[in-house]
Asks: 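Please read through the structure below; I'll follow up with questions.
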Amino acid sequence: MNSISIIVRILRQFRRDKRSLALMFAAPLLVLTLMWLVLDSGDYVPEIAAVDLPDRFVEILENEAEVMSLDRHEAEDALKNQEIDAVLEWEENKPALTLEGSDPTASGAVNMALQQTLNQMNPQQEQMEPEIHYYHGSEEIKLFDNIGPVLIGFFIFFFVFIVGGVSFIRERTQGTLERSLATPLKRWEIVIGYLGGFGLFTIIQSIIIAAYSIYALDVFMAGNFLYVLLVTFLLALSALSLGTLLSAFAKNEFQMIQFIPLVIVPQVFFSGMFNLETLDPWLRAIGNIMPLTYGAEALRDIMIRGSAFGSFAVEVFVLFGFTLLFTLLNIVALKRHRKL
Amino acid sequence: MEKVISLNHIAHSFGVETVIKDINIEIDKGVIFGLLGPSGSGKTTLVKIITGILHPTEGSSVVQDTQMPSLKQMKNIGFMAQSDALYVELTAYENIDYFASIYGLPRSERKQRIKKVLEIVDLVKHMKKPVHTFSGGMKRRLSLAISIVHEPEILILDEPTVGIDPLLRQSIWQEFNKLKSEGTTIIVTTHVMDEAEKCDELALLHDGYVIAQGSPKDLKQSIHVDTMEQAFLHYGGGKS
């Protein structure tokens, strides 16, 4: 198959272009490290389910948080579906708190709200020590642990998009695409060859970035490392196929770079790095058409919640679907260069 | 004589601009056919139609009894584009190797064949160097080597000797003649008159039309001039 020839050629090009290799491997590590160093948390109004709490307590708590009264069963479901941040009950004359736990900003805000409520209720008395449970994760989860999975996904997506898209556009500007199309190469063989050649590198890239984040930066990791690789690899393939597809609509490398603010940056905002609870639902839905949303959600499921394959299978299939869609569109887009 | 290529009423336009207008050309097997014309006369577009990269807006192009575009015929065609389409990070050897593998040369044959074409274009001692260190002339020669690596029956060359010194130009033309004697049909575009003289047959292109066609000798004799340049000026001036 001719795609093999293309794969071999891409590997050889990489061997001689050390700088692009470095961009794919070292740059994400550097940026991740910097993010890890500077991250800090902000204000957040938590949502807490109150189960059989004294009325006066709820009243005071409402100043600090959004409180809804649910029975124990409803509260557990809501917690599981990430609709609320915590469940507060009364056990043996003291409050028992169960935190959703995957978002440290939310966990911190819940704790703060509870402390202030307790202070106001008994200003003179000795502090009641609430019992705290974590539904996911543990109290050790810090902000970086929460957005770490998103960042891993983002940097893989970003750098693969750039390197893949720019390489493909260079094929056009330097005339090698046209030259290749003057051979019996089929259009799909070109696209598959590209996915294959870069795909091999993205596997290595995924391993390096994920291992560095988990073992060197010590990002919270509850799940299976192989699942992380599976998701990052699929995310990289969707970035690669999107990059090469969009390069068909750019005339040169500079125009390719212009896609970053249009295609990459919005994905950052909608992929879950920022809390979107306050956003209109229809605005939030924008995230549904973005590959990074699914990659980030799956990575969070694996790394923070330690989920099994079943709970992020949908995300995996959606990522696969994106890759398939972009690849097919790219094969069609190449018709502009040769009808056959 | 056996017809290898026939172009019937070919016309092509990019958007509103018509670049080629009703071109009819037949090319016999084993000749060197020159497309002579100033830049912008439609030479490159015509050449891309013959290779099968471009699908003409009107008319049909038939190569070896097959309607183009055809992937099967593309295998029989060698193409050297006007701009050097090379992977500059790769070495000369790796560039040829890539295209040789696409054309399906078996691995065992490939090595020998690559050596052979590198000898023809005199790049053997540079074969391990990355292409970005090459001069313009060396890149031209490498492009030529790539176009002949799979021993095509039809060789299409778009301005092959631009930027190549006279000595090497001569040796490249010797190679063309050798390929021709082995039965290869060669189509070459040029705007250099002395190169046009070396072709067996010529089509003079001007503004998208073929304004004259025939052997260089006939073209000159029919209007009683001594040089191709005079002939070209005569035909070109007569039409426009």
Side-chain angles (χ1 to χ4, degrees), chain A residues 1-24 163 166-194 196-198 201 251-253 331-332 334-340, chain B residues 44 47-57 67-91 93-105 107 110 128-133 139 142-143 146-147 149-150 152 154-156 158:
Chain A
M1 194 173 79
N2 282 328
S3 297
I4 306 282
S5 311
I6 297 177
I7 293 174
V8 170
R9 190 207 81 216
I10 290 172
L11 296 186
R12 282 174 168 168
Q13 279 178 293
F14 261 120
R15 202 178 65 200
R16 294 182 196 283
D17 186 6
K18 301 277 186 319
R19 202 147 123 186
S20 297
L21 258 188
L23 182 73
M24 274 181 84
V163 174
V166 169
S167 312
F168 205 63
I169 204 152
R170 276 183 56 207
E171 294 259 0
R172 296 204 284 127
T173 52
Q174 71 191 1
T176 45
L177 177 64
E178 186 168 68
R179 180 67 189 80
S180 295
L181 286 171
T183 72
L185 258 185
K186 298 182 182 74
R187 280 180 283 125
W188 68 264
E189 287 175 326
I190 296 180
V191 177
I192 296 299
Y194 251 76
F198 280 90
F201 277 93
K251 287 199 181 68
N252 49 48
E253 287 92 334
I331 295 172
V332 176
L334 277 180
K335 269 196 174 181
R336 295 210 314 191
H337 297 278
R338 190 182 73 189
K339 286 259 167 63
L340 198 65
Chain B
T44 298
V47 153
K48 281 183 187 168
I49 288 170
I50 302 173
T51 58
I53 304 173
L54 267 186
H55 195 76
T57 333
Q67 180 77 40
M68 293 300 278
S70 141
L71 289 178
K72 201 177 123 251
Q73 284 304 330
M74 280 177 153
K75 203 167 177 171
N76 300 325
I77 296 173
F79 176 52
M80 175 177 169
Q82 194 167 13
S83 62
D84 297 302
L86 300 165
Y87 296 100
V88 292
E89 307 92 345
L90 299 183
T91 65
Y93 185 94
E94 287 167 341
N95 266 284
I96 305 178
D97 188 53
Y98 166 62
F99 285 102
S101 67
I102 286 182
Y103 280 112
L105 256 69
R107 196 174 286 272
R110 225 188 284 164
K128 295 234 165 84
K129 288 184 193 161
V131 171
H132 65 81
T133 64
K139 286 182 188 164
L142 180 56
S143 296
I146 289 170
S147 67
V149 70
H150 59 298
I154 300 163
L155 184 57
I156 300 172
D158 199 359

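When reading the values below, keep in mind they use all heavy atoms of this one structure, side chains included, and skip hydrogens, waters and symmetry mates. This is a predicted model, so every value here is computed, not measured. Numbers restart at 1 for each chain; the letters A, B, ... are given by sequence-line order, proteins then strands.
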Asks: With no hydrogens and no angle check, just 3.5 Å: does a side-chain donor-acceptor pair link B/S143 and B/D84?
Replies: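 The answer is yes; a qualifying pair exists.
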Asks: Would you mind telling me which of A/L177, A/T183, A/L185 has the largest number of heavy-atom pairs within less than 4.5 Å of chain B?
Replies: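 The answer is A/T183.
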Asks: Go through B/V88, B/I77, B/L86 and name the one with the most non-hydrogen pairs under 4.5 angstrom from chain A.
Replies: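 The candidate making the most pairs under 4.5 Å is B/L86.
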Asks: If the plane angle is over 60° it's perpendicular, under 30° parallel, otherwise tilted; pick one for B/H150 and B/Y103.
Replies: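 The rings of B/H150 and B/Y103 lie parallel, inter-plane angle below 30°.
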Asks: Is chain A contacted by the side chain of B/K72, its backbone, both, or neither, given a heavy-atom distance below 4.5 Å?
Replies: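 Neither part.
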Asks: Would you mind checking which part of B/L54 comes under 4.5 Å of any heavy atom in chain A, side chain (CB onward), backbone (N, CA, C, O), both or neither?
Replies: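 The answer is neither part of B/L54.
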Asks: Between B/Q82, B/Q73, B/K48, which has the largest tally of heavy atom pairs under 4.5 Å with chain A?
Replies: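 Highest number of heavy-atom pairs under 4.5 Å: B/K48.
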Asks: When you compare the side chain of B/F79 with that of B/I53, does any pair of heavy atoms fall below 4.5 Å?
Replies: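 They are in side-chain contact.
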Asks: Chain B heavy atoms under 4.5 Å from A/E171: which part of the residue, side chain, backbone, both or neither?
Replies: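 Only the side chain of A/E171 comes within 4.5 Å of chain B.
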Asks: Would you find a donor on one side and an acceptor on the other, under 3.5 Å apart, between the side chain of B/E94 and the backbone of B/T91?
Replies: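 The answer is yes, because a donor-acceptor pair under 3.5 Å joins these two groups.
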Asks: Chain A heavy atoms under 4.5 Å from B/N95: which part of the residue, side chain, backbone, both or neither?
Replies: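 Interface part for B/N95: neither.
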Asks: Which bit of B/I146 is near chain A, if near means a heavy-atom gap under 4.5 Å: side chain, backbone, both or neither?
Replies: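 Interface part for B/I146: both.
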Asks: Between B/S70 and B/Q67 (side chain of the first, backbone of the second, donor and acceptor by atom type, cut-off under 3.5 Å), is there such a pair?
Replies: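 Side chain of B/S70 to backbone of B/Q67, a donor-acceptor pair under 3.5 Å: no, none is there.
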Asks: Name the region of A/I4, side chain, backbone, both or neither, that has any atom closer than 4.5 Å to a heavy atom of chain B.
Replies: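 Answer is neither: A/I4 stays 4.5 Å or more from chain B.
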Asks: Considering only NZ, NE, NH1 and NH2 on the basic side and carboxylate oxygens on the acidic side, decide whether A/R9 and B/D97 come within less than 4.0 Å.
Replies: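 Salt bridge flag = no for B/D97 with A/R9.
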Asks: Answer whether the closest heavy-atom distance between the side chains of A/R338 and B/L71 falls below 4.5 Å.
Replies: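 When only atoms from C-beta onward are counted, B/L71 and A/R338 do touch, with a gap below 4.5 Å.
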